[in-house]
Each structure stands twice: as structure tokens, then as C-alpha cells.
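A quick write-up on the structure given underneath.
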Amino acid sequence: MTALKTLIILGATASLGACTSIGPDKTVDRGVNAHHLSTLVAGIWVDPNGCDHWIIDDGVEGYLSERLTPDGRPVCSGVALPTEVVGPFQQGTFIPDPL
């Protein structure tokens with residue numbers, strides 16, 4: 001059992017170590033379908049409080065950020081019911097989501 005734990009810890013450490021070699025530019029997806037993140041299409045997810053968040057689904061990974069006004073206040077537009085998503089947030093990738 002100790003050997004299994006050691007193997008798991010080594011695997012996790014190696015996986016986390018690989019994250020630091022990506023580089024400082026976080027605006028580019030270097031995955032299977034590498035592209036600049038600005039080419040992805042965002043939708044809006046409404047949180048349980050009724051406020052908006054930008055959401056992008058790239059098939060393998062996803063991106064989410066709070067939608068804010070220029071002065072930093074949350075946007076709560078009422079575009080959808082709480083916990084619903086609207087918009088073409090899954091466009092821009094050929095990788096489908098698992099069912």
C-alpha cells in the first residue's frame with residue numbers, strides 16, 4: 001500500500017510541475033486545438049444570486065469570470081433565470097462535451 005501511495009504522490013507532483021512550464025502568456029490555449037482565447041465565444045451563466053458571469057466551454061477546459069461594470073460592480077441583468085446559461089458558449093471548438 002505504501003508503494004501505491006508513493007506512486008500517486010509522485011504522479012501528482014509531476015503533473016503539477018508540468019503546469020509551470022507553460023509560460024507567462026495566459027491568453028493562448030496550447031491544448032489540442034491551440035488558439036488565442038479571444039477567438040472563443042462567451043455565453044452568460046447566471047449565478048444563484050442572479051448576477052452574470054462570462055462562460056466559455058472549450059471542450060476540455062472551461063473559463064468563467066464575473067461580469068463587471070467599469071467601476072467593478074457585478075452585472076445582474078436578468079438575462080436568464082438563476083443557474084441557467086444563455087449564448088453560444090460552446091462554439092469555437094471541435095471537441096464535444098461528454099454526455
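Reckoned from all heavy atoms, side chains included, excluding hydrogens, waters and symmetry mates.
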Note to self: Does anything in residues 76-86 form a side chain to side chain donor-acceptor pair (under 3.5 Å)? List the pairs, not counting sequence neighbours.
What the structure shows: Asp52-Ser77

Next item on the list: Can you see which heavy atom on Val46 is nearest to which on Leu81, and at what distance?
Entry: CB-O, 3.6 Å

Checklist line | Shortest non-hydrogen separation from Pro74 to Cys51 and the atoms involved | finding: CB-SG, 4.3 Å

Next item on the list: Please test Leu64 against Trp54 for side chain to side chain contact (heavy atoms under 4.5 Å, CB included), starting from the C-alpha separation and ending with a verdict.
Entry: CA-CA 6 Å; Leu64 179 76; Trp54 295 113; over 6 Å; no

Notebook entry, point to check: Do the side chains of Ile55 and Tyr63 get nearer than 4.5 Å, heavy atoms only?
Noted result: no

Note to self: Among residues at least two apart in sequence or on other chains, which ones pass side chain to side chain donor-acceptor pair (under 3.5 Å) with Asn49?
What the structure shows: none

Item checked: Gap separating the CD1 atom of Ile56 from the CH2 atom of Trp45, nearest 0.5 angstrom -> 15.5 Å

Item checked: Intermediate values then yes/no, side chain to side chain contact (heavy atoms under 4.5 Å, CB included), Arg67 and His53 -> CA-CA 5 Å; Arg67 194 171 171 207; His53 299 261; 5.8 Å; no

